[in-house]
Structure formats: C-alpha cells, structure tokens
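In what follows, chains carry the letters A, B, and so on, assigned in the order in which the sequence lines appear, proteins first and then strands, with residues in each chain numbered from 1.
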Amino acid sequence: MNVNILASIWNYATEFLAVNAKPLLQIYVLPGLIFILGFAIIAVWFERKFLARAMLRVGPYYCGKRSGVLQVFADFLKLFMKEIIVPKDMNFLFFAAMPVLVSTVPALALILIPFDANWVLWDIGSLGLPMFFAIAGIAPLIPIFAGWASNNKYGFIGAFRVAYMYISAEIPLVICGAAVAIMAGSFDLVEIVQAQRNMWFAVPQFIGFVIFFLGVIIESERTPFDIPVAEVELVLGWRTEYSGILFGFTMMAEYVMFQAWTLLFITLYLGGFNGPVLGFLGVTGSHIFWMLAKFAFMVVLIVLIRTVYPRLRLDQMLDLGWKYLTPLALLNLALVLGMKMLGVY
Amino acid sequence: MSEPTITPDLMRISWGPQHPMSGQTRILLDVDGEKVHKIIADLGFTHRGIEKILENRSFLQGIVPIERMVMIDTANIGLGYVMAIEESLGIEVPERAHWIRSLVCELSRISSHLYAFGLQAESTGYFPAVFLWTTTDRTVLLDLMEELTGARFSYNFFLPGGVMKDLTEGFEDRVIEGVQYLRKRFEDYWTAMIENIVFEARCNDVAVLKPEDAIRLGATGPVLRGSGISIDVRKDEPYAAYGDLDFEVITESACDSMARTKVRYREIGQSLNMMEQVANEIPGGPIRTRFPLFTRSKPGEVYSRVETGRGEMGIHMFTAVGMNPYRVKINSPTLRNMYVFERLCELDEMLMADVPVVINSIDPWYLDSDR
Amino acid sequence: MAEESCELKRSLDWVPGSGAVYSVVDYVAGWARKYSIWPIHLVTGCCGPEFMQTSGVQYDMERLGILPFASVRQCDCIMVVGVVSRKMALRVKYLYEQMGEPKYVVSVGACPTGRGPFYDSYAAVPVDEYVPVDVYIPGCPPRPEAIIQGMMILQEKIKNTKRIGVKSE
Amino acid sequence: MSEAELVEAITTSHAEQIESAEVLRSQRVSVVVKREVFLEVAEALRDEYGFKTPSAAGGLDYPKEERMQMIYYLFNPDSKITLTLRVDLPRDDPTLPTLTGVWEAMSFHEREAHEMFGIEFEGHPNMIPLLMPPDWRGGYPLRKDFKGEAGEE
C-alpha cells in the first residue's frame, strides 16, 4: 500500500519533471532566478574589482579567501539583517512595495528574450517586441512613486529626474525598435534574430545601434547618465530613504534593468543568439553560450565607460535626448524604410 | 538658526554638514525645479575659536593650533604665523632657511591643489579614476615631507628664526625624482580630465565670475586669478625665497569653473619648477638663528600676508608686553571666497547640478574660514 | 529593538536545538557585518585628508569591505574624523539617530576623543558626550595605518557580538 | 602712488574726518577714522584711492582703555597696498553704521565681529550668527573678559 503510494508519487514526479524540465530550467536557471541573482552578484563584484583596478587599488580582498568574491554576500546579509526605517506619516506597504516592484518588473521583461529559437520562456510570437517595451516602460513609474513615497526632498527631486530622463530616452528607443522590426519584417524577437543570420543589424543600422547603446545606459541609470541618483547632488536620489534590505532591492533593480535592456540590445543589433555552433555544446547550448558571451562583453564595455566619463547634467541629457537622439532615430527609421523600398535589404 | 525666509514658490534644500560635496558646512539652496535662485552658506560647523586659543598660548605654542587650520596646506599658513612673530620680535632668518621654507611651502601647495583637483573630478561624478589618482600622487609628496619633517601633514616645521631641521642627505635628488614623476602624471590628468568631453561640458561656462565682480566681492587666490587678475602675494611682496625664484603668476581669462581648475593645474606646474630650482640652487649656511624659549614682546602690531593654496591669508598680530600675542586676527581666504560663492548664483544662471562643480572650483576649506 | 530580541530569544529557549541555530545565525550575522562596514562621509575636521588617503591607493580600506557611503540611512558606522564643535555635535547626534541598528561610532583623531590640541577651546567638545563611541583612534592626525587598525578592532568587536540586533557591550 | 603719498593725500583731503594716518611699513597703511564720518571716508577710499577689494574685517578689544576698535582690511589691486581702516568705539556703546553699502563683501566679516565682539552694525541686511551656534548664550568670545568655559543654556 505504502509502497504503491510512494511509487505512484515517484512516477508522477518523474513524469512531471520529464514534461516540465525545460520550463522549470527556464524559470529557475537561465532567464530566471539564478541568472538574475547570479548576474547581480557577479556584476557587483566585478564592478567593484574593476573600478578598484582603474583607481590603482585592490578592491575587496579579505572577504572570501583573498579574492573578495564573498563581499557581495556579506553586504547582502548585512543589509538583510539591518533595521528598516520607515519615514513618518507614510504608508509602510506602499513605501516597502516600491523597491520590490522596481527590481521585479524589469525582470518580467527578461522572459521575452530568446536565448535560442526553442529557449524562450514566454513565446508570444509577434507580440514579443511591443510587450517588452510595454513591460519595461512601466518600470520607470516605480522610482517616481518610490521617490514620492519616501517623503524626502532629495527623493522627490530624484523621482522627477527619473521621469524627465526616461521619457526623453524611451521615445528614440521605441523608434529604433520599430526600425529593427521593419527591417526584419516581424515583431517576433526570434524572427528578428533569425533575420540577422547573415549580417548583424548593427551594420546597416549603425545610427540606431549607437542610439540604442546610449539608451541602454540611460535606461539602466549608469554613468554618465546616473543623474537621478547623482551622489554629489542628491545623496542617493530616489533611494535616499530606503534602508536595510529595501535598499538592497533598489540596488538590484539597477542591475536587473541593465540586464533586460542589454539583452534586448544584443537581440536587436548584435545578432542575438547567432554564432558558430560549437560541437561539444550542441546547437541550443552554443546559442546560449553566444548570448551569454555577448552579454559579458557588453557588461565589461559598460563598466569601462563608467571609469572613463563623468556624469552629465540633467539639461545636457535632455538636450541629448530630444535634440539629437530623437531626430537621429527618425532619420534611422527613414533610412531603413528607404532600404526596404529600394530592396537593398 | 534664525533662517532667512524663502519665497513660497521655491523649495529649500539643505546640504550638509553631512553631504558628499558640502564638506563641513551647510548650504541652503532655494531651488525652483533645477534652477538655483539663492544660496546661503551656513558656516561655523568647525569653529574652534583658534583666535582665542592663540591669545592664551605663548608664541611658540601657537604654531600647533594654527597649523590645524588648514591641515592640507599647513606649511603656508604656519609660515604666515611664524613670519608675524619674526617681524614683531625682530628676528633675522638665514638665507638657507628661506629656501627650505619655499621648498616646503611649494610641496604643501601642490598637495593642496592636487586635493582640490581630485575633488573637482569627484564633483562631476568622476569619482573612480582621478580622485584616487591624486591621492596616489600625493603620497609622493607626503613621503618627501615625512622624510624632511617627520610628519605627513602637521609638521610644525617652521620656527621663528628658521626651520627645524636641515635637508637630509640626498634630499635634493629625491625632490627632482618626485618632480619628474609628477610631471609625467600631469600629462595623464590633462587627457583624462581637462580634455574629457563630459568634463568640459560640465565645467565650461559654469558660474562665470567677471573680473570686476571678483574684485568687488573680494575673491582671492585661484578664484581671482581664474578671472584674469594677476594678484599673487608671492609676487607682490615676496617672502621666503620667492624673490629669488623664477615663476610666473598664472591667470586664465575664461572666468568660469574650468578656468579656475586650469589655474590650479598650471600652478602645480609652476610649483614643480620652483621645487626644481630650489633643489638645484639652494645656498649653504646655517638653518636657523637662536630663538629664546621665553620671549617678552613689546607693544606693536604686524600684518603678514602669505599666499596659501586657497588665496591670500593675512595674519594680524597685536602684541602687548608679555609672553603671548595680545590678539591674532586671521583673515582667511575661504571666508572671502565663500561670499563670492553665495553671490555667484545671482551673477550667472546656475543649476542644482552645477553647485558641486562651482563649490569645488572655489576650493573651500571650511576649517580655515571657521577658525 | 535590543531588548525585544533578547526577550524573543529567552521565550524560545525551551525549543530543543535553538541554541545551535542561534549560534549559527550569530556567526553568519557577525561575519557579514564584520566585512560590510559602510561608514558615512562625515569629515568634521582636519583629519579628513588622512581619511582620504586611507580610502586611497596605498592603504585601501575597501580591502576590508569598508565602503564610504553617501547616505546615512544605509550606513552602519559614523567615523567622526576630526574636531567636533558644539554646532557640529548636534549634527553628529542627529546622524546617529538616523542610522539603522546595528550602528557603531569610531572617533578618529585626538580632537573628537578629548579635544586634542584645542583642549582650552570654548567651542570644541568631545564626541562621546553626545554619542556612544566604540573605538577611539589616537593621533593628530592618526596615520592611515592607525585608522585601519582601528577599523580592524571594530571588526573584531562586531564579530564577537553575541546576539542579533544587539551591540556588544 | 606710494604709501607716503597716500597718507599725505588722505591727511590733507580728509583732515577733519580722520584721527590719524600712518605708514606701518612698506605696503601697510593704517587710517583711524572718526565714527560719525566713517562711511564718507570709506566711500572716498573706494572711489578715489582705488581700494576696491575688501579683504576682511575684525574687532579688537582694549578693556583697560574702555574702548574697542573695528578694523577693516582693504586692498588696492593696482598699487598692492593693504590699508587698515580703523574706527574706535566706546566699549559701552559699540555701534557702527554698516559698511555693506560700500563693500558688499564685508557682510560676513561684520556678522563675525558681531558675534565675537558684540559690535552692533546699524542697517546690516542679514545679521544672523555666522560661526557660533544659533543658541549660543555664552557671551562674546573674543572680548578680553570672556571666561572661556561659559556654556550655552
């Protein structure tokens, strides 16, 4: 009797795993939990070490056998066990929900990214690209609420800087996305990638490539566009009042946002998962490998930019967004349409 | 604090005394969106009453607290006090001591300017590279100072009548080595910072201070010279060995934050030249005349001026019959420049993001304005 | 906060194995806090340049996980660097009250410890009249080595903390 | 204009208004002015003699002689002369018209002199404490009869 029950449970479990192994892996490992958390951890560690190198220092060293790898875990645990201070006259739920949302909403956009033609967590066909912009477009609203909720002048100003910045950056991004979709003839991210099998879109759409690259940095609030959290002016911008683990979430949000937009950038311009098939990995494996390799390259590039450039002022950034990026994006769109009509591409 | 009232349409933001850029002061900004309408500096967070302390100490004891006024630039300010004592008590200083004093003052000035330079980089959000590069390069200077005086910052090296110790064996060679190393590094600074497009965008045409305004508001030091006015105490009334040293007063005509930064950059070059000159041409001889430990002064007054890293520092010493100064009035450069800073937002349009850039182009050291 | 967690611990003492769990959690908490001290930029006086040198190249405090930070809410530690005047002392107190538990104070230099060379000043005060100080670092100004040793003493002190949420006595 | 010529010019043209004028040493000139006509001399110094840069200002206390002195440091950017403009004040009535109308930048220094010496400046636009804590009740620190350890209330 007992044996029968156990056996049936075992059978059920093996069947369940056999059927659901891929979705489970996708949810928990690759575009999902472990990838996001692991990237945040590795990126923080890498950034601290890399910046320290640029400053001729060593960086985190003693924590974790003279490499500093455990530094991020120590910081995370410390923040986790720290007191959370809630500003007076503030709804705690609203205040605390924002950091959680700000790090999870961009993560939702990640599920649309194809790591292989068969490795997409949420394959919605021709709605892929619009859905990405829809989800990622919600994300900037959350810092605005967070800044308002913290009842702090720095937070308030930081929140409005977020609003200014995202609007000026997101319009050129959407126009560039439209240009890519026109060139590929589809809104489906998988088809966009497959359309780049012969030539990456970075080459015919060089203008769009540059605009989108700047847009990625703006969207992920990194130097030289980390204006909403400018340390020397606004202390920490909209993050100022968040203490303890809530602050940890807001820090993570930066990396999740960064991850989502960089992956989209690779998908749209750098050929996505295309790449020579490596024999020992198989087709799917090598596609995933190429995706991650391109991602790693982009991370290094963007961290490098942080060491080289100071921060722009808000009005200069808005100038850049409205006076240069938007018209150039439209020009890019026109060029793509021209190429399409002439049948060059 | 009985804070000045604000217009209802504006928002008042308080920066400091704990703020990454405000230093040890509190800056009240009345902003409308990003635009700054009024700046109020609330000083006094490091007020220690040094002028009162000096009245209660003997002439020699006074050197210790007065050097704590500008920790990063101790040699220059200590020299001002020592010169005041010498003049009021009528003490002669040997030639070699003058040259050593100039050398130490220039070391100290470079260290101060480097610090300001790094902070200027940090104020534009350029924390990583340049700020810590300057701290690296300051270690070269600090090592030299440590070898000569035995301390890294507060060395109490100047005594009335000369200096504490003679140059160590081979010190001149190490000075020249350090100068050559720093010259090489300064080329990097030019590329990494001054020619950086984002840094240029942040500093050019920010907070223009016209020459007539600079004079009217009493600006001093690099702020004044950044407005194109050639005033330098080292040239105007040479003290120590500056009469014999060959240098020029740096001015920039652009009058903006970048001009003030460039003045500091080029002044470091002049200081390096002077250090080389001192190392090559220093005369021999004794390094100090005897200064009696217990001195009785006669009634009188002396006003001595020195050029510190931040501008003209005046020390007005009144003596009565006794062992202590009757009163020491310290005219600090930062207090003068802070008034200019308060007025700058009215002279030129300023955004909130410009304020850290402007305040670091002024290079305040609140310990000397607060005394 | 401190008393609450003590009571919580006492009320759960009858659960078998709770001691072991507590000791593991204590160990992990101690380890994490030890290697993740975020002091706030609070340069109150003239030891500031040495503090900069300490986070600078030759000495590099970040090796120990000490990362000077801008905003007080997220910090664990106030390093009072330099002389504290009456006007500033109130601000140090405000900052201390704004920080979340657990929090520590390090007094760097002779001035915050006992007014140092300004012993007869009417405006300078020792900082421990306003906030509890964990580690005193002597010197005027202390060398970077001394500051780092002070921070290491603070790390030892944090590691030996016995209960979560409670500062070591 | 050299120092001696400057003193000569001031003593002849403002003989009624000044009490004394002397050359202390090279590039140092001291002028003591009567309190009532202090502003006129200041304006003349700025407009006619070129002392355009205000350097600093500070007080001085002589309890034995029952007087205080307010000293303004002025600088001439052309001839590089530092002039100290002094006004004697009785110790029981240390009031003075403000100089901020002539040199705007004297504002900070007058605020400082006010809290350190208790000198009142009539017409100063913004007389709030500069360096001392706003709740300081310990008296005027730089006066000679200040006892040092008097705390705040």
Where on [X] is there a heavy atom nearer than 4.5 Å to chain B: the side chain, the backbone, both, or neither?
X      : answer
D/P77  : both
D/F51  : neither
D/M106 : neither
D/T84  : side chain
D/R46  : neither

Residue pair B/E212, B/K210: steps toward the salt bridge (Lys or Arg N to Asp or Glu O under 4.0 Å) verdict: CA-CA 6 Å; B/E212 60 271 16; B/K210 296 198 187 70; 5.7 Å; no
Roughly how far, to the nearest 0.5 Å, is the [atom2] atom of [Y] from the [atom1] atom of [X]?
X      : Y      : atom1 : atom2 : answer
D/L142 : D/E112 : CG    : CD    : 7.5 Å
B/I215 : D/N76  : CD1   : CG    : 9.0 Å
D/I71  : D/L83  : CD1   : CG    : 11.5 Å
B/S304 : B/I85  : OG    : CD1   : 9.5 Å
D/M132 : D/H114 : CE    : NE2   : 11.5 Å
B/N337 : B/W365 : CG    : CH2   : 15.0 Å

Less than 4.5 Å to any heavy atom of chain D: does that hold for the side chain of [X], its backbone, both, or neither?
X      : value
B/S332 : neither
B/S369 : backbone
B/R305 : both

Tell me if a side-chain donor or acceptor on B/E307 pairs with a main-chain N or O of B/V233 at a distance below 3.5 Å.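 Indeed, once roles are kept as given, a pair shorter than 3.5 Å links the two residues.
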Sort by residue number and list every member of residues 86-101 of chain D having a non-hydrogen atom under 4.5 Å from chain B. D/R86
Please tell me whether B/Y303 and D/S30 have a donor and an acceptor in their side chains that are separated by less than 3.5 angstrom.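 No, because no side-chain N or O of B/Y303 sits under 3.5 Å from a partner of the opposite role on D/S30.
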Do B/T308 and B/N76 have a side chain donor and acceptor closer than 3.5 Å? no
Determine whether B/E301 and D/R28 satisfy the following criterion, salt bridge (Lys or Arg N to Asp or Glu O under 4.0 Å), listing intermediate values before the conclusion. CA-CA 11 Å; B/E301 61 172 285; D/R28 303 279 188 279; over 6 Å; no
Best-contacting candidate, [options], against chain D by heavy atom pairs under 4.5 angstrom:
options                        : result
B/G218, B/A214, B/G300, B/A219 : B/G218
B/V302, B/T46, B/L217          : B/L217
B/M338, B/H47, B/R327          : B/R327
B/R343, B/H316, B/E342         : B/H316

Given the options D/K52, D/M116, D/R25, D/E104, which has more heavy-atom pairs under 4.5 Å with chain B than any of the others? D/E104
Parallel, tilted or perpendicular: which describes the rings of D/Y62 and B/Y326, with under 30° parallel and over 60° perpendicular? parallel
